[in-house]
**Student:** 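Input: one structure, supplied below.
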Amino acid sequence: MMSNILIIAEHNGKELNSSTAKCVTCAKKIHPDSIDVVVLAADSHQIATEAAALEGVSKVIRVDHPVNEYPLAATLAPQIIELANKYTHILGPSTTFGRDLMPRVAALLGVGQLSDIMGVENAYRFKRPIYAGNVIVTVEAPSDRILIATIRSASFAASEQTGNAIIEKYSINVDLPKHTSFLDLRSDSGSSRPDLQTATKVVSGGRALGSKDNFDLIYELADVIGGAVGASRAAVDSGYVGNDLQVGQTGKIIAPDLYIALGISGAIQHLTGMKDSGTIVAINKDEDAPIFEIADFGLVEDLFTAIPDLIAALEK
Amino acid sequence: MKILIPLKRVIDYNVRVRINPDGSGVVRDGVKMSINPFDEIALEEALRIKERGEATEIIVITIGTQENQQQLRTGLAMGADRAILIETSEELEPLTIARALKVLIDREDPQLVIMGKQAIDSDNNQTGQMLAGLWNRPQATFVSELTLSEGTATAVREVDAGLEVIKVKLPAVITSDLRLNEPRYVKLPEIMKAKKKPLDTIPFSELGMTPETQFSIVSIETPPKRPKGIMVENVSELAKALQDRGLI
Ligand SMILES: Cc1cc2nc3c(=O)[nH]c(=O)nc-3n(C[C@H](O)[C@H](O)[C@H](O)COP(=O)(O)OP(=O)(O)OC[C@H]3O[C@@H](n4cnc5c(N)ncnc54)[C@H](O)[C@@H]3O)c2cc1C
């Protein structure tokens, strides 16, 4: 059976997001006849060049249009529908971008969606987590319909940058809705620290930090080991850090080589976001904290003494 | 202005979900069921909008068996005005749920549908976006702040890069994130009062559509357990362990 896959590129208007390279890896496991990537942007030149370099990509389709300056699902979805009929699968990342967009695409095509693919059995059989990752289901989709799916980034490595795909321009001819407009993006992504979603090391703080000022301890340790900073929902709700740092069922799902959880109890909703990490370290003053059940290294200690001591030990 | 709030009955978020010994599904017997936490937040937002005088009626809807009345009654006790149960014993996929909700939209003509961004059982995160697509109306997903004025809604959305602000024309579908609000607790008198509020049951077959099942579950399993870790005595032991693994 032929399969031809279309991947919706995620980007910030300038650069390709690493989630796209992970979708490509997932797509390769389907052993398709072709993998195309579509970049919908105001000016996609640079992003398309990055996408074309991903190993496994056959063709990059550039859809340049001023309305594509911001990633609004309501305007992107009808453009994707225009391209859809050539494909057996359309994949997007299971990031807030893909989660927002892909179900709208599916509904417009009159088909269902598979969310958060974490493993590929064959072109129509996949594994995905449910119940905050406490249960894994293997799901089969019908092969006589286009399959719309989102890909769990933490489950796939990024495809290498050794490819050389052709790049084509495409102009879309559909009426786009005007009922939705972008106003603002409040982001501190200007920071020089590694990005939480791609970092190999992450230091996360919980409610135990007690204040925004105290949370500086987490940043200090992260800087010493060259890691990104994450947080529990309680830390975000308490205003210690922004929502973009939340790890968990409703935040980011990550799998760094090293995850250090400080003053985090280990609620299942948090664990689902980090339990696939290579090595997990937990420091908590409660020896019964559930986080210790999944930690490779646990230390029962007050974090206000443990973190400064750890920083001192590592700086030696 | 009418607001429609779809509610899903799910296993309570505090329950440790387990798979049946025969692998046929998860254990439900004697397990506490609740309104999906995100849907409760959606309802709370609607109640606040009504309390500000910006809405006139709030309708809670659920699709499922008669047992779902329990969640609808809780919704009424929180302050919804009436409830609709679309009765079916089948497990439905998000696209079918969205299509059923669209039928209700055509009947009720709401200006806003507010729903949870995901259900904590299937974790699909699809229904709101699908409904907005079928309805051909705007969607504002993962919302942590919502302001209405003159036929538009301004929504602050929790996205991976931070907070995105968008403006949509009504009618629209909003999906709630956790930080949108903290739902109220229901008090006993409200539970009593809720018993008198209207709750209509509509058989699914009366919607004039056939449910469609596209995906089939082949198998269900517990994720592999991590190997048991070790407890270290102090910070220097920890630092050494991490250095030995080449992690630092
Ligand atoms: C639908 C839903 C979705 C959710 N999604 C998420 C999510 O995506 N991510 C997430 O994180 N949570 C999520 N939650 C919330 C989750 O259930 C927990 O409430 C949250 O993770 C708790 O955060 P915490 O561990 O920082 O706080 P707590 O549970 O309060 O734990 C604090 C820990 O710090 C320890 N401690 C206190 N003082 C010290 C000290 N001085 N030194 C050392 N240790 C100390 C305590 O022993 C305790 O273990 C969700 C909940 C729901 C209902």
Side-chain angles (χ1 to χ4, degrees), chain A residues 12 72-74 77 95-96 99-100 103-104 106-108 111-116 125 129-142 179-189 197 225 233 237 242-244 250 252 257-258 279 281 294-299 306 309-310 313-314, chain B residues 11 13 16-17 19 26 93-95 98 120-126 129-130 132-134 136-139 141-142 144 154 158-169 177-179 214-223 226 229-232 234-236 238-239 241-242 245 247-248:
Chain A
N12 60 6
L72 298 170
T95 55
T96 53
R99 288 176 186 162
D100 182 44
R104 191 163 179 123
L108 294 181
V111 295
Q113 173 182 304
L114 268 188
S115 295
D116 303 326
R125 194 181 272 207
I130 56 174
Y131 290 101
N134 282 314
V135 176
I136 311 291
V137 284
T138 304
V139 183
E140 180 140 314
H179 49 50
T180 305
S181 39
F182 173 92
L183 298 183
D184 192 16
L185 178 65
R186 303 179 205 150
S187 163
D188 27 73
S189 59
Q197 242 154 339
I225 66 167
R233 174 191 171 189
D237 284 0
N243 64 285
D244 48 322
T250 44
K252 293 191 169 118
D257 297 336
L258 175 63
T279 299
V281 173
I294 64 152
D296 297 280
F297 299 108
L299 174 62
D309 287 353
L310 187 57
L314 295 174
Chain B
I11 294 180
Y13 78 96
R16 251 189 203 227
V17 174
I19 295 176
V26 301
E93 292 178 359
L95 182 64
I120 60 163
D121 51 2
S122 53
D123 277 334
N124 274 315
N125 198 330
Q126 299 175 2
Q129 296 88 310
M130 287 182 164
L134 297 173
N136 204 6
R137 292 304 310 165
Q139 66 190 48
T141 54
F142 328 144
S144 61
T154 303
E158 294 204 353
V159 295
D160 291 337
L163 295 170
E164 185 192 83
V165 191
I166 63 170
K167 192 169 167 174
V168 299
K169 292 205 174 94
D177 217 313
L178 291 171
R179 276 171 285 275
Q214 188 175 335
F215 302 107
S216 55
I217 291 184
V218 179
S219 63
I220 162 166
E221 65 201 290
T222 308
R226 290 182 73 92
I230 53 170
M231 298 301 287
V232 295
N234 51 45
V235 164
S236 46
L238 177 61
L242 294 179
R245 280 206 182 185
L247 288 164
I248 282 175

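Just so we're on the same page: letters track the sequence lines, and every chain starts at 1. Reckoned from all heavy atoms, side chains included, excluding hydrogens, waters and symmetry mates. Not measured: the values here are computed from a predicted model.
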**Student:** What part of A:Ala77 lies closer than 4.5 angstrom to a heavy atom of chain B: side chain, backbone, both or neither?
**Tutor:** neither
**Student:** Roughly how far, to the nearest 0.5 Å, is the CZ atom of B:Arg179 from the CG atom of B:Leu163?
**Tutor:** 9.0 Å
**Student:** For the CD1 atom of B:Ile248 and the CG atom of A:Leu314, what is their distance to the nearest 0.5 Å?
**Tutor:** 4.5 Å
**Student:** Among B:Asp123, B:Ile166, B:Asn136, which residue has the highest count of heavy-atom pairs closer than 4.5 Å to chain A?
**Tutor:** B:Asp123
**Student:** Using a 4.5 angstrom heavy-atom cutoff, name the option from A:Leu310, A:Asp309, A:Leu108 with the most pairs to chain B.
**Tutor:** A:Leu310
**Student:** Taking all atoms of both residues into account, what is the closest heavy-atom pair of B:Thr141 and A:Asp100, and its distance?
**Tutor:** OG1-OD1, 2.6 Å
**Student:** Of the listed residues (B:Lys169, B:Glu93, B:Met130), which shares the most heavy-atom pairs with chain A below a 4.5 Å separation?
**Tutor:** B:Met130
**Student:** Which bit of B:Ser144 is near chain A, if near means a heavy-atom gap under 4.5 Å: side chain, backbone, both or neither?
**Tutor:** neither
**Student:** Looking only at non-hydrogen atoms, find the nearest pair between B:Leu95 and A:Ala107 and report the distance.
**Tutor:** CD1-CA, 4.1 Å
**Student:** Can you confirm whether the side chains of A:Thr279 and B:Arg245 place a donor and an acceptor under 3.5 Å from each other?
**Tutor:** yes
**Student:** B:Asn125, B:Leu238, B:Leu178: which one forms the most heavy-atom pairs within less than 4.5 Å of chain A?
**Tutor:** B:Leu178
**Student:** Quick check on B:Ala132 against chain A: is it the side chain, the backbone, both or neither that has a heavy atom closer than 4.5 Å?
**Tutor:** both
**Student:** Which one of A:Val281, A:Leu258, A:Val135 has the most heavy-atom pairs closer than 4.5 Å to chain B?
**Tutor:** A:Val135
**Student:** Find the one option among B:Ile220, B:Asp121, B:Leu247 whose heavy-atom pairs under 4.5 Å with chain A are most numerous.
**Tutor:** B:Asp121
**Student:** Using a cut-off of under 4.5 Å for heavy-atom pairs, which of B:Ala241, B:Ser236, B:Pro223 has the most such pairs with chain A?
**Tutor:** B:Pro223
**Student:** Of all of B:Gly133, B:Ser216, B:Gly229, which one pairs up most often with chain A through heavy atoms under 4.5 Å apart?
**Tutor:** B:Ser216
**Student:** For B:Phe142, is it the side chain, the backbone, both, or neither that has a heavy atom closer than 4.5 Å to a heavy atom of chain A?
**Tutor:** side chain
**Student:** Looking only at side chains, do A:Ser115 and A:Gln113 share a donor and an acceptor under 3.5 Å apart?
**Tutor:** yes
**Student:** Please tell me if the side chains of B:Ile230 and A:Phe297 come closer than 4.5 Å, counting only heavy atoms from C-beta onward.
**Tutor:** yes
**Student:** Out of A:Asn243, A:Thr95, A:Val111, which one racks up the most heavy-atom pairs below 4.5 Å with chain B?
**Tutor:** A:Asn243
**Student:** Quick check on B:Ile217 against chain A: is it the side chain, the backbone, both or neither that has a heavy atom closer than 4.5 Å?
**Tutor:** both
**Student:** With only heavy atoms counted, which part of B:Pro94 is less than 4.5 Å from chain A, the side chain, the backbone, both or neither?
**Tutor:** neither
**Student:** Can you give me the closest heavy-atom contact between B:Asp160 and A:Lys252, atom names plus distance?
**Tutor:** O-NZ, 2.7 Å
